[in-house]
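Notes for the one structure printed next.
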Number of protein chains: 2
Amino acid sequence: MATIKDISQMTGFSITTVSRALNGYSDVSESTRKLIKEAAESLSYSPNGLARGLVMKETKTLGLLVSGMTYKNIDNNFVFEVLCGINDSAANSAYDLILFSTNTAKQKMKTYTQLCRERKVDGVILQGVKTDDPYLQEVLDSDIPCVLIDVPIDSKYVGFVSTNHKQSAQTAVDHLIDLGHHNIAMVNGYPEAFVSKERYEGYAEAMRNAGISLRSEYVVNGNFTEEEAQQQATELLKAYPEITAIFCASDMMALGVMKAAGELGIAVPHQLSVVGFDDIPTATYFQPPLTTIRQNMYQLGHEAANLLMGMLKSEDSPKYKILENELVIRSSTAEPGR
Amino acid sequence: MATIKDISQMTGFSITTVSRALNGYSDVSESTRKLIKEAAESLSYSPNGLARGLVMKETKTLGLLVSGMTYKNIDNNFVFEVLCGINDSAANSAYDLILFSTNTAKQKMKTYTQLCRERKVDGVILQGVKTDDPYLQEVLDSDIPCVLIDVPIDSKYVGFVSTNHKQSAQTAVDHLIDLGHHNIAMVNGYPEAFVSKERYEGYAEAMRNAGISLRSEYVVNGNFTEEEAQQQATELLKAYPEITAIFCASDMMALGVMKAAGELGIAVPHQLSVVGFDDIPTATYFQPPLTTIRQNMYQLGHEAANLLMGMLKSEDSPKYKILENELVIRSSTAEPGR
DNA sequence: TTGTATGCGTTATCAT
DNA sequence: ATGATAACGCATACAA
């Protein structure tokens, strides 16, 4: 609880000199600096970040607004990987992270801007915002530097990181087409997600390029959950038994699809090929091991933090970055059988 | 950027009255309160948490010192589950979380106490501290309220949450003994972890109770990693082919052990039974699905945060809690075969 | 019911 | 090279 005032009294120097000495200013003699540093040490002094932040208008904190850090998302380390990336990046600089622990009830009380301004964060990283989220508009209107994850919007104070979702989806579906599939369905997430739109675009593009006409009945939404995907896939496969392949917008949904197939007595991959998206660690262990699109979420988080810290340093720092995904072929896809 | 001063000028009331009105004090007339609130609204005022914290000596932030939020731990959502639990708990109260992003290099620069005092956190949750960690002593010496995860120490300002590691380990080994195993080895984590000691105790206790003499050669350390466990298990199984069961202190190490067995041509579970610890989501998908001890890490985090917030509220709030684990029997254990 | 004055711990401006 | 003083935005003891 010692302050620079205490050091000042102990050493006889003014608080100004103490402050300057401790902050490495050059206009203080080495002898007094030594004295002051020793006093600080003996009083086990720590600077008060609040007071410093109050006057400096900079807190060296990055805000994190992360959806999905809750019980039901526990199996999805997607969010965790992003977090690790951000954390590692912040650890290499002087920033700490503040996690806005907000639930839907609290979200109604405090807006995005309020949250950030109260905590006086230097910048924010947003993960999991939907396109119709009211927060999104606030972000754009606000003057708080911000990086969005998987929402491609940039403006003066806003940047983003994402992956090439469309191209990746296209690659995934091309893989199915190359194997000889024609009746390819898609289990998407939900319409309010940018990534869902992009991935659908990729699916559609691949089909068009192959001269296969799109059938809207073949495309359903699984809300990114295993359960809904399983249910949707069950109905899909019952209604359209001609389907021989399903492209899913997440690995967990792919798991749901495989379970649906299993219950209907449809063998994967021999009667039905399944492709996922994400490449979660568990995907390797699925039965059969899942063919999927690998996203490097760690790197996504890492780049997000770097981008943001860059924006804080200089006006004309790059504001967005798009990473490349990669198709990982395992055993859930094969030539269409009979 | 509006302050109460701005509101004061706009409405003509003093900043005192503005402050009191906004903070819901009763000694301000409803009419002026209304005026002031409207002014605040129109100026889109947000209180400055730094200034408030400076004078109130309370920041409504909980510090999180978490080891393992880094690239190599990405597959281990153990940490993430704890985090989710803490987050959910904090979300239901007025606290936000601050993640101390510290790497080993930075850790040498700033001590635990410095970190906390600079940020002026009201309390701290520590995860992943080893028994020989210098941080630990600091925690005990400091007067910052703190909850340790899986380190059973409590004092005036320190509490902890943990699970019944010893009993759980004993249950796991009992299960093996009940199946008819005698030559049971253990792949532990590392000696500096409390949980390792506890789990070893449980192993030893079970063996003693069954009248099986302990052989120190049967106990090795896998450092909680898949790779080291695999390597250690390989040597173990080569040197002592009479071993028919291995109890592992984590699921990832159990995976390493199963891989070792696989490479040596030893069938699990028919020639070797394997038990893990944690019940990570992937454990269900291992081949064979892993028998293990389920730990509810989410609840652990939840309780940790609740405990800490309780300690902040009153002196004589309970300071520790021990949760129960549960044996989950899957297919990696069986009667010893030949 | 409202206002005045003070302090929280720090940095910054301007003297000396 | 060092010091006095004013800010930063807020809460609170005390007055009125």
Side-chain angles (χ1 to χ4, degrees), chain A residues 1-37 39-40 43-61 94 113-122, chain B residues 1-40 43-61 94 113-122 144:
Chain A
M1 304 288 256
T3 70
I4 51 171
K5 202 171 163 186
D6 298 324
I7 302 178
S8 162
Q9 286 170 350
M10 184 171 181
T11 59
F13 292 102
S14 71
I15 59 167
T16 307
T17 304
V18 173
S19 173
R20 308 184 70 111
L22 258 25
N23 288 315
Y25 279 63
S26 57
D27 57 356
V28 44
S29 80
E30 280 311 312
S31 58
T32 68
R33 188 195 304 280
K34 188 157 174 287
L35 250 45
I36 288 173
K37 283 207 165 181
L43 292 171
S44 67
Y45 165 80
S46 296
N48 184 327
L50 299 180
R52 183 178 275 172
L54 191 56
V55 50
M56 301 242 282
K57 275 135 183 29
E58 196 195 25
T59 56
K60 290 292 176 188
T61 46
T113 327
Q114 282 175 320
L115 234 37
C116 295
R117 287 208 294 214
E118 283 193 25
R119 291 296 185 179
K120 287 281 176 286
V121 295
D122 296 340
Chain B
M1 306 286 256
T3 71
I4 52 171
K5 202 172 162 185
D6 297 324
I7 303 179
S8 162
Q9 286 169 350
M10 185 170 178
T11 59
F13 292 102
S14 72
I15 59 168
T16 307
T17 305
V18 173
S19 173
R20 306 185 74 111
L22 258 25
N23 289 317
Y25 278 63
S26 58
D27 59 354
V28 44
S29 80
E30 279 313 312
S31 59
T32 68
R33 188 196 303 282
K34 188 158 174 287
L35 252 45
I36 289 174
K37 282 209 166 180
E38 283 169 2
L43 291 171
S44 66
Y45 166 79
S46 297
N48 184 327
L50 299 180
R52 183 177 275 171
L54 191 56
V55 50
M56 300 243 282
K57 275 132 184 32
E58 194 194 27
T59 56
K60 288 291 176 190
T61 45
T113 325
Q114 282 174 321
L115 234 37
C116 294
R117 290 208 292 216
E118 284 192 23
R119 291 297 186 180
K120 286 284 176 284
V121 295
D122 296 339
I144 302 166

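Because the structure is a prediction, the values reported are computed rather than measured. Order of the sequence lines fixes the chain letters, A, B, ..., with proteins taken first and strands second; residue numbering starts at 1 for each chain.
In this structure, A/Asn23 reaches the C/dT11 phosphate: one of its side-chain N or O atoms is under 4.0 Å from OP1 or OP2. Between B/Ser19 and the phosphate of D/dA11, there is a side-chain N or O to OP1/OP2 separation shorter than 4.0 Å. Between B/Tyr25 and C/dT1 there is no side-chain polar atom (N or O) within less than 4.0 angstrom of OP1 or OP2. Residue B/Tyr45 places none of its side-chain N or O atoms closer than 4.0 Å to OP1 or OP2 of D/dG9. For D/dT2, one of the phosphate oxygens OP1 or OP2 lies less than 4.0 angstrom from a side-chain nitrogen or oxygen of A/Thr32. The phosphate of D/dG3 has OP1 or OP2 within less than 4.0 Å of a side-chain N or O from A/Ser14.
Nearest to the side chain of B/Asp27, among C/dT1, D/dA11, C/dG9, sits C/dT1. Of the listed nucleotides (D/dT2, C/dG9, D/dC14), D/dT2 has the atom at the smallest distance from the side chain of A/Val28. Among the nucleotides C/dC8, C/dT2, D/dC10, the one closest to any side-chain atom of B/Phe13 is C/dT2. The side chain of A/Met56 lies closest to C/dT11 when the candidates are D/dG9, C/dT11, D/dC10. Which of D/dA11, D/dT2, C/dG3 sits closest to the side chain of B/Thr17 comes down to C/dG3. Proximity note for B/Arg20 (side chain, C-beta onward) versus D/dG9, D/dC10, D/dT12: the nearest is D/dT12.
If you take CZ of A/Arg52 and C1' of C/dT11, they are 9 Å apart, rounded to a whole angstrom. We find that NZ of A/Lys34 is positioned 18 Å from C1' of D/dA1, with the value rounded to whole Å. Atoms CD1 (A/Ile36) and P (C/dT10) sit 13 Å apart, rounded to a whole Å. Note: NZ (B/Lys57) to P (D/dC10) measures 17 Å, nearest angstrom. The CD1-C1' distance, from B/Ile15 to C/dG3, rounds to 10 Å in whole Å. The NZ atom of A/Lys120 sits 18 Å away from the P atom of C/dT11 (whole-angstrom rounding). Summarising the geometry, the separation between NZ on A/Lys5 and P on D/dA4 is reported as 13 Å, rounded to the nearest angstrom. With rounding to whole Å, A/Asn48 atom CG is found 18 Å from D/dC8 atom P.
Looking only at side-chain heavy atoms (C-beta outward), A/Gln9 and A/Asp6 come within less than 4.5 Å of each other. Looking at heavy atoms from C-beta onward, B/Phe13 lies out of side-chain contact with B/Val28 at the 4.5 angstrom threshold.
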Quiz prompt | salt bridge (charged side-chain N to carboxylate O under 4.0 Å, His left out) assessment of B/Glu38 paired with B/Lys34 | solution = CA-CA 6 Å; B/Glu38 283 169 2; B/Lys34 188 158 174 287; 3.2 Å; yes
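Among the heavy atoms of the strands lying under 4.0 Å from B/Val55 is at least one base atom, whether or not backbone atoms are also near. Backbone-only contact: B/Gly12 has heavy atoms under 4.0 Å from sugar-phosphate atoms and none from a base.
Atom-to-atom distance recorded for B/Asn48:CG and B/Met1:CE is 9.5 Å, nearest 0.5 angstrom. The line from OG of A/Ser46 to CZ of B/Arg119 is 12.5 Å long, rounded to the nearest 0.5 Å. One finds the CG atom of B/Leu22 at 8.0 Å from the CD1 atom of B/Ile4 (value rounded to the nearest 0.5 Å).
A donor-acceptor contact under 3.5 angstrom links the side-chain atoms of A/Thr16 to the base of D/dA4.
Residue whose closest nucleotide on DNA chain C sits further toward the 5' end, between B/Ser31 and B/Ala51: B/Ser31.
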